[in-house]
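Written out below as structure tokens is the structure these notes cover.
Letters A, B, ... are given to chains in the order of the sequence lines, protein chains preceding strands, and every chain is numbered from 1.
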Amino acid sequence: MSVVPDGQPAVAPIDRRFCCALLAAAFAVHLWFSLQGLANRPVDGHEFRQTQTAFAIREMAAHGLELDARLPVLGNPQALPFEFPLYQWATAAISRATSLPPEPLARLVSIAFFYLSIPFLRRSAAFAGLTPTQVTLGTAALLCCPIYLFYSRGILIESTALCCSAAFLSAACWNMRRSSPARMAAGAACAALAAAVKVTTFAVFLVPATLILLRQFRSADSRQSRRRLLTAAALQSGAGIAAGLAWSRHADWVRSQNPLARFLRDSELVRWVFGDPAMRLDPGYWTSIGGTITGCIAASFWLVVLLVPGLGVKRDRTMIVSLLGCFLAGPLVFANVYRIHDYYFYAVAVFLIGALGIGLAHLVEASRLPRAARWAFVAGFLGTGVLMYARTYHRLIPFNELRVPEPARQLRDLTHPGETIVILGQEWNPVYPYLAGRHALMFPEATETNAALRKAAVDRLDEPVGAVAVFAPNPGRMRIARQMAARLSLRREPMEIGDGSFAFPRRDQLNAGTRYGGEAPVLIPGGRHAIPSLSDAQTHNFSMMDPLPVEVASEFGAEAALVGRELWFSAHPVTELVFAVSGEHRLHAQFAIIPQAYADPAKSTDGVEFEAVLAREGQPDRTLVRRLLCPAREPGDRGVQTWDVSLPPDCRGSLVFRTLPGPAGNKSYDWAYWRSISIR
Amino acid sequence: MTPVLSQLTTPAAPRTIFPAASTRQIRLVWLAAFACALLFAWHTRHAWEDYYITYRSSRNLATGNGLVYTQGERLHTFTSPLGVLLPALASLMTFNSSDAAALWLFRIMGAASFGGAAALIFALCIRHRFHTAAAILVVAWLCTDSKSLDFSINGMETGFMLLFLSYTAWALFSPGVARRALHVGCAWAGLMWTRPDSFILIGLVSAGAWLFNDDRTTGLPRPMLVRLFLKAGLICTLMYLPWFAWAWIYYGSPVPHTVIAKSSISGAKSLAGLLDTLLQAPWNTATGHSTAGDAFLPAYSVAGGWPGWLLATARVAGIAAGFVWLNPRLDTMTRASSVAFLGFQIYLSYFPYFPFPWYLPPAALLAYLAFGGALTHVIESDGTRPRRSLWIQGFAWSGAVLGLGIQLWIVGNEARRMRLMQELIDEGNRLRIGRWLSGNAAPGDSVFLEPLGYIGFTSGLKMLDWPGLASTEVVNARATVGPAWSAIIRYLKPDWLVLRPREVEQINKEDQNLLKVQYTAARDFDVSDRVDPLDVRGLPLLQMDEKFSVFRRSPTVPVVIDSGVLETRYPGTQVAKVTIGGVRMVLVHAPGTLTIEVPAGKTHLRVSFGFSPDAYAAPPITDGATFQVEWHAGDRTEVLHTRTLNPATTPGDRGAFAVDLDLPDPGGKPATIVLRTMPGITDNKDWTCWSAAEFR
């Protein structure tokens, strides 16, 4: 390696070309992955936050742009602003202008903001002293990072916040180099916007801005230059902080107008955002943060392999340490939200990736490895980023329709547009009302027992109530729901709407609902049980079988569950159902692995073996029919499968229907079901 | 002096280029390591459970019954060819008269190999210009590595693994070695004879040597290195082929059944999964989800009982050893050892279903070499850079000495723990169980259990062990009925069960009737009163095996009664009389039989059967049973009638059922009628009854 006199390594032209080619390839990869699942419903990860943002966009697209975004889940007033709605405005405005559906548009706008942030980040990195190779490789790493591949396409404000904060940093660097009133004003505007859109992102970007300022301050050659630097910094940061505070006060006041939203006041959220001070000293906290970093940003192997040698080079050490400091500022300050939501790392992962870019450049420029090996390493790093994405986040994209929870579908079917759904047991989670396409009046747990508050909230509604829905039902909550249903002239008896939840719809929905509408079946604990020894409620679990089995054995407990509108018998391996047979018989059975078991390939079944075995005392067991279903791999194994088999003549003994884990013995996500069994 | 020893001590090239240890130093190191190992053996008398799995085959070989675990079953129930052949040789050396003497002979072989490993490593370090103190430290780390010491003398093959791995490193990395390909080939063959999965280690060390090859020190450019590997590979193949071919012919497969049994419960493996393990290796090590830290910890530290600081230190050491190769200034051997350590840990973390402690000493050896090289790099100037500051040197020395101190602390505690384990668990429990079974079980009885070693060896019975190391039946059963022990026991119907309390609990949870109905508690072996009060590090390992319960399959006892000979598993209910539908009957609890001689000249039989009404009156209730009338004469058997009744679910099956049957012509031979009842899935309240037979 040759080194030029100022300490900067010389980069061979071929390496520059490789850099550019890699960047182009990384951009193509990012674009290709970003456009997948563009029309997805916002149920592909962090559904709460995505539907919250999508709700505001949908309301703006319907009613026009508003400063105070509506989130119609806590009744009236509906305005529940948190962040300055730049992203929501941009999406709703385009949607209104083009009549394009808001959801795909929201994803495109998010992607656009991400791409827009890249020039700002590159400019800031170059100003901070990174070499062109480091900047280029860092950009390629950014494009191949799982967290930027996934959340850039989410219906989230993260990319808008990143773009605004990157613009602020870039403007700050610009003003440090040469300032003018117009540039100062532009910088202050960027800072104000960044702080209003997402103050937690802006606050983190103040750290690199401060570090660059300190460096410039130290190297400034005159008092006048220093004064100019301080003035520019104060003006821009001040504008940001002032705008952030002003917007926060305003949003807080608007939220306080809804009596049910008191728990969303800023004063109530401080602990939620910052967490307990002691949290930062808890090894468990850092284990959780480390898990997110190594799972969502860069594999720990690369963190060690790229950062450790870089730290050994004096030229790069300060920069890497500074970038790591910027990166850690987020989880150190906003500890709780970084622990709970991995998408918060969207704001700070750029700094870690900058440090990795330096490591990559070091590998390219200074390694003694042959050129092919060096570039293989770089390609390996970028490739493993994409591979990590493909094995984690990307698996949330397919089968999107299956991720729409059943209660949301049922609530949509049970109510009419223009009706409000009263929901208990879901706090203020907008997923169900958003996906049902209805406004909601949700009672957070702390408020649901307050009868006066409930009555006032219902009275404030300007839409009729279409149904009362109860999630996580318990006797107290069901009693409240019955009272509300009676008062609102809804059906008195609840109907199951899936996932263990119930609804009290309008009386004209009497014929709707599921095949099973009676007493909920009761779980049969794990182990082997003779059916006659079970209670009636436990025997309900076998209502899809004729005749009843004589015995059931299961490892995790046996019960029937609602699949669609039918009651199916859950047969998580290993489960056995034993039927007594004697004489001529024909067996008819339907079975399946439900789609949720293979919708997310990262968390999917590796197959379940279904078999029917004839067991006779004194004779070897005889397998009558056997089928291994691997729906994740074999499309033909999806959906309901049927056996229709004649049993051997004079068949006496026991017929055992058994589910077994796949060949690997792995029982994870083996959500197998018997839809029906009949032996005649 | 042997040629190898001569090369260890006398450089092939001028001494000024390649320094070498003296013969005296080499012998001293060997003696010291050998003495350490024997001292550990003498103090602990430890014989590892798995030694006796292998030794049962060794003993069969030595006594002329073939290299098999169970006579007549050609099953490859061991992994290490040397680990089974040398104990057989040791047994022969005692004229098959003393298993204890054979074990001591094998211990001496293991200890000698351990000493050989230490001597080779010392010679290699000196030849590699390690600082003398660093070379001594590497040997000291090895000699105080508790797992290396223990598993070199407790009957496992670890001493030989260390010897041949050291030989590989010496042959590959020592500058100026003559006939290098032959040495490397022999070392590799030794590794393969010791453990057939050694090709992983061979590949990793070779890959490291190739990747970080510096021909200025090795004298071999990369293409020549590849040629060397090819030659060595050929020699290794020729030397290992006889065993491979013999095992294939003798057992029908060259793959040990132990590998098949273990791999069948370790889940599916994929390239992507392996890549994940590599990519997250540092994080997994830091959080204790990798074996890298375990290389420096006592055996089964995962069971608990060791201080948190020790686990944290071991994890730091694991990460350091795995990434020393990142420093480009280090020599080839140091970097290759480090990358081989990393690769081996990834293999151990991903492939085996549990990283057993005797897999880890080779990894520790590689780590010690990497640490020794790094230490030398820090404390000595190589001429291309200034010497490190005294602070850094001091830090490095402190770390090295502290590491040795921790190893000494561990080995002290381990010596005590393993001695107690031998005394209380291995001899106090397992050996006693085996002897008790030997005295109480019938030849040919089968035993289902997990701790196969001592019990299998001393009882000599047919073992149905989990996960099936010595039993194809268990492996097949798992594939047929799933991994639940209750299902496997129900399927295989072993005569005896040897279970720990938590295993009993789990089986009862899975199948509440199995142990109560089909088995009888025969005896408990419990040393918890001696184990629990102990103040010893790593106590949970001992507590895991402090109590065993032995269950016996409930026998059927023949009893002569008025109406015939009654056999049932429930002696308490034997001659109970019941009236069903006005017919007086005798209770023949299913499974059971009532055998009656057919009077001469009788050609018709009338008999009634049915369930006692109490069987389905209140929970728990019967799930039905099958009634069968069999006719036997000489070697002729005919089933005359079969009927399954389930009175709990079918009201029509309640009451008494009479059958009139024509009897076949016995041809002058005495004939018998067997009235048999067979349970449904369970024999809960299978109160099945037969009336007295009426012959016409």
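- Of the two parts of B/Ser486, neither the backbone nor the side chain holds a non-hydrogen atom closer than 4.5 Å to a non-hydrogen atom of chain A.
- Minimum heavy-atom separation, B/Ala272 to A/Arg391: CB-NH1, 3.1 Å.
- For a residue to count as touching a neighbouring chain, one of its non-hydrogen atoms must lie under 4.5 Å from one of that chain's; by this rule B/Leu514 does not touch chain A.
- Take A/Glu634 and apply the side-chain hydrogen bond (donor to acceptor under 3.5 Å, both in side chains) test, not counting sequence neighbours, and it matches no residue.
- Nearest heavy-atom pair across A/Ser300 and B/Trp283 is OG-N, 3.1 Å.
- Only the backbone of B/Ala281 comes within less than 4.5 Å of a heavy atom of chain A; no side-chain atom from C-beta onward does.
- Side-chain contact between B/Leu342 and A/Phe301: present, with at least one pair of heavy atoms (C-beta onward) separated by less than 4.5 Å.
- Side chains of B/Pro483 and A/Lys667 form a contact here, defined as non-hydrogen atoms less than 4.5 Å apart.
- The side-chain hydrogen bond (donor to acceptor under 3.5 Å, both in side chains) search around B/Thr285 returns B/Ser290, not counting sequence neighbours.
- Heavy-atom distances place the side chain of A/Ala580, and not its backbone, under 4.5 Å from chain B.
- Within the model, atoms CG of B/Asp623 and CZ of A/Arg528 stand 9.5 Å from one another, a figure rounded to the nearest 0.5 Å.
- Per-residue heavy-atom pair counts under 4.5 Å with chain A were compared for B/Thr626, B/Thr287, B/Asn508, B/Leu278, and the maximum is reached by B/Leu278.
- Using a 4.5 Å heavy-atom cut-off against chain B, the contacting residues of residues 605-613 of chain A are A/Glu611.
- Residue B/Glu510 touches chain A through its backbone alone, counting heavy-atom pairs closer than 4.5 Å.
- With respect to chain B, the highest number of heavy-atom pairs below 4.5 Å among A/Pro525, A/Gly290, A/Ser554 belongs to A/Gly290.
- Annotation: maximal heavy-atom pairing with chain B below 4.5 Å, among A/Leu387, A/Ile293, A/Asn666, A/Thr384, occurs at A/Thr384.
- Put simply, the side chain of A/Leu548 does not reach to within 4.5 Å of the side chain of B/Thr649, judged on heavy atoms.
- The part of B/Asp276 that comes within reach of chain A is its side chain, from C-beta onward, which places non-hydrogen atoms under 4.5 angstrom from that chain.
- At most 12 heavy atoms of other shown residues, nucleotides or ligands fall within 6.0 angstrom of atom CZ in A/Arg633.
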Can you give the donor-acceptor pairs under 3.5 Å from side chains of residues 303-314 of chain A to other protein atoms, not counting sequence neighbours?
none

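- If you tally non-hydrogen atom pairs under 4.5 Å between each of B/Thr644, B/Leu326, B/Asn327, B/Thr650 and chain A, the highest count goes to B/Leu326.
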